[in-house]
Amino acid sequence: MGSQTDTMDKIVALCRRRGFIFGSSEIYGGIGGFWDYGPLGCELKRNIKDAWWHDMVQCPPPGPNGESYQMVGVDCSIIMNPKVWEASGHVGGFSDPMVDCKESKSRYRADQLSVIKGQDTAGQMFAFSSDDEESQARAVKKAAKYFKVSADELSGVTSTVSLETVDDAAFGQILGPEAKEVGTLTQPRDFNLMFETFVGALQESTSKAYLRPETAQGIFANFKNVMDSTRVKIPFGIAQIGKAFLNEINPRNFTFRSREFEQMEIEFFCKPDTSKMWYEFWRDTRLHWYESLGIKSDKLRPREQTEEELAHYSDACTDIEYLFPFSEETQELEGVAHRGCYDLTQHGKHSKGKENAYAVMDDATKQRFMPHVIEPSAGVDRFLLASITEAYSYDENRASPEFMKFHPRLAPIKAAVFPLVAKDGMPEVADPIYQEIRKHFPCQFDAKQSIGKRYARMDEAGTPFCFTIDGQSKEDGTVTVRNRDDASQERIDKSRCLEYLRDKLGL
RNA sequence: GCGGGUGUAGCUCAGUGGUAGAGCGUCACGUUGCCAACGUGAAUGUCGUCGGUUCGAAUCCGAUCACCCGCUCCA
């Protein structure tokens, strides 16, 4: 664990030092759970989003039977009509009232606590964790003593109810599950993870709205618009990349659990009887996508959710997890969920009062059916963090031990051009090479300081290739190319730099 | 929300009552001429903030803010 933490600390330090990621609002002391991407970080992030959009929307892989299908994009507003979140279940679902015990310092979910109470409303009550038999047994024992009956007779003189039915005023009479004194439980407090805001300048309750906790609902809300305007036919997918917000109680692990984050989501609509096939297709496609961008498969673990973990409407869900240096357990990068027809049905109910309002016609059978949905939902920032930790390399035998081994598609800077020294006509040879490359690839020119420092800087930025113009260049027109990964060098003709890059990067 | 820790230069940190420091990094000049090279020089600080004690506070006391770690929770 120690060395893992050290690695993570080094990565965080490098991210800051080289301008990948800064803490938000640092000059004012920062703000927990929010992060800024610097010059290199924002290039990396663009590369990730561009790769996803290209590979999933512009040019998606052939379907399970080799057939093609349509993928289209949307870009929805972050603030939507609050009814969207009632329909999606977020207003209820993300709202977990919590109860703290001031004595035992424990925290409980209010809906998971029960109390044993007698007829007398002024009498003592005994709380226990509903799903914990030991906790219940303890409460029963104490209650039996208090009511002066045997444990078997207790149910005759008391009733067991959910804590949520207890009057706020009566909380002083409750004995907490792990407390010795009465009245140590706080009243249930709301821990809704959605950010609230107000639409319009007046902060009235009627103008309350939410920052979206996921981008998916914008897609569902526009399902009919897209069907009506785009000539798409099932099976097809709608994709969106955008910001989402969750007011995490406890943001941790660098950018992994942030309060503001970006998602890349697909809602793929298909016929119910093909949904299992498409679910497996998207699960495998998404897993392979990460591998294709340099995430090693032994750190990447698809994990099928267990029956208990699944949401009640979901038939199946695979979390694609990655082994970050900050934890010994894999952490979720993406969830590929089979959502059945839950979302469209919910929006049908809430917006039109009809469950099947968004059913579509099957051309072959002339029957209307509710499309089923496969949802590959990826975290941009999480994959970005994974690509950074994956790229981070340390080799003490190198002059520059730390280097970032980014996949060529993700590398923020693809090449650098250096005159070995800033004189003897070398900058004049270097400049046209730089000017040509930068038209096609992000490229940097650097003539300052020693060549070693310049290579080291590019290693930390993860730049795959550096072209250096030296004394020999003026004589025979060749330059050296230096490879980031093994620091090897070769000479090529200066006219071949761009061609060399295209070839080696595969872009 | 509870408990613990930390706030001094861009970074890592030293400085326990008496002039604000080091290494690294950054920048300039010179030298060198392919791997964080060498020499010389420079810039960068309301010592987290506010208040108290004191002739005098980065240092002692109080409060406050922010961040980090653990618990809790978790797309």
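Note that the structure is predicted; figures quoted are calculated from it, not measured. Proteins get letters first, then strands, A, B, ... in listed order; numbering begins at 1 in each. Both backbone and side-chain heavy atoms feed into the values below; hydrogens, waters and symmetry mates do not.
Heavy-atom nearest nucleotides on RNA chain B were determined for A:Ser377 and for A:Asp424, and the one closer to the 5' end corresponds to A:Asp424.
The distance from atom CD1 of A:Ile31 to atom P of B:G48 is 22 Å, rounded to the nearest whole Å. Atom-to-atom, CG of A:Asp9 to C1' of B:C13 comes out at 15 Å; the value is rounded to the nearest Å. Regarding A:Glu375, its CD atom lies at a distance of 13 Å from the P atom of B:A75, rounded to whole Å. Atom CG of A:Asp459 is separated from atom P of B:C34 by 18 Å (rounded to the nearest Å). Rounded to whole angstrom, the span from the CD atom of A:Glu248 across to the C1' atom of B:C67 amounts to 18 Å. In this structure, CE of A:Met426 is placed 12 Å from C1' of B:U32, rounded to the nearest angstrom.
The pair A:Asp459-A:Arg482 meets the salt-bridge criterion, with a side-chain N (NZ, NE, NH1 or NH2) lying under 4.0 Å from an Asp/Glu carboxylate O. Under the 4.0 Å criterion applied to side-chain N and carboxylate O atoms, A:Glu402 and A:Arg17 are assigned as salt-bridge partners.
Checking B:G7 for Watson-Crick or G-U wobble geometry (two distances, each under 3.5 Å) identifies B:C65 as its partner. B:A36 is unpaired under the Watson-Crick or G-U wobble criterion, no partner having all donor-acceptor distances under 3.5 Å. In this structure B:U19 sits in no base pair that meets the Watson-Crick or G-U test at under 3.5 Å. Pairing for B:G41 goes to B:C27, judged as Watson-Crick or G-U wobble with the two contacts each under 3.5 Å. The base-pairing partner of B:G70, taking Watson-Crick or G-U wobble contacts with both distances under 3.5 Å, is B:C2. The nucleotide B:A57 finds no pairing partner, because no Watson-Crick or G-U wobble arrangement with both distances shorter than 3.5 Å includes it.
Cation-pi geometry between A:Lys10 and A:Tyr392 is not met at under 6.0 angstrom from the ring centre and within 45 degrees of the axis.
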Could you list the donor-acceptor pairs under 3.5 angstrom formed between side-chain atoms of residues 376-388 of chain A and any protein atom two or more places apart in sequence or on another chain?
from	atom 1	to	atom 2	distance (Å)
A:Ser377	OG	A:Glu265	OE2	2.6
A:Asp381	OD1	A:Glu262	N	2.6
A:Asp381	OD2	A:Tyr37	OH	2.7
A:Asp381	OD2	A:Lys45	NZ	3.3
A:Arg382	NE	A:Phe256	O	3.1
A:Arg382	NH1	A:Glu332	O	3.1
A:Ser387	OG	A:Phe383	O	3.4
A:Ser387	OG	A:Leu384	O	2.8

Just distance, no hydrogens or angles: give the donor-acceptor pairs under 3.5 Å from side chains in residues 419-434 of chain A, sequence neighbours left out.
from	atom 1	to	atom 2	distance (Å)
A:Asp431	OD1	A:Gln435	NE2	3.3
A:Tyr434	OH	A:Arg438	NE	3.4

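Side-chain proximity of A:Ala456 to the nucleotides B:C35, B:A75, B:A36 is greatest for B:A36. Candidate nucleotides B:A36, B:C35, B:C69 were compared by shortest atom distance to the side chain of A:Arg252, and B:C69 ranks first.
Applying the side-chain contact (heavy atoms from CB on, under 4.5 Å) test to A:Ser162 and every residue at least two apart in sequence or in another chain returns A:Glu164, A:Thr165. For A:Thr389, the side chain to side chain donor-acceptor pair (under 3.5 Å) partners are A:Tyr322, not counting sequence neighbours. Partners of A:Ser114 by side chain to side chain donor-acceptor pair (under 3.5 Å), not counting sequence neighbours, listed by chain and number: A:Ser130. For A:His347, the side-chain contact (heavy atoms from CB on, under 4.5 Å) partners two or more places apart in sequence, or in a different chain, are A:Val84, A:Ala87, A:Gln217, A:Phe220, A:Tyr358. Taking A:Lys474 as the reference, nothing meets the side chain to side chain donor-acceptor pair (under 3.5 Å) condition, with sequence neighbours excluded.
Heavy atoms of A:Phe261 sit under 4.0 angstrom from at least one base atom. Residue-level contact check: A:Arg398 touches neither bases nor backbone, having no heavy atom under 4.0 Å from any strand. Base contact: A:Ser258 has a heavy atom under 4.0 Å from a base atom. Residue contacts for A:Glu460: at a heavy-atom cut-off of 4.0 Å it reaches a base atom on one of the strands shown.
Using C1' as the reference atom, B:C47 and B:A9 are 10 Å apart when rounded to the nearest Å.
Residues from residues 466-478 of chain A placing a heavy atom under 4.0 Å of any atom in RNA chain B, listed by number, are A:Thr468, A:Asp470.
At a cut-off of 3.5 angstrom, counting only N and O atoms as typed in the model, there is no donor on one side facing an acceptor on the other between the side-chain of A:Arg454 and the base of B:C35.
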N/O-N/O pairs, protein side and nucleotides 24-28 of chain B side, under 3.5 Å:
from	atom 1	to	atom 2	distance (Å)
B:U26	OP1	A:Arg457	NH1	2.5
B:U26	OP2	A:Gln449	NE2	3.3
B:U26	OP2	A:Lys453	NZ	3.3
B:C27	OP2	A:Gln449	OE1	3.2
B:C27	OP2	A:Gln449	NE2	3.1
B:A28	OP1	A:Lys448	NZ	3.0

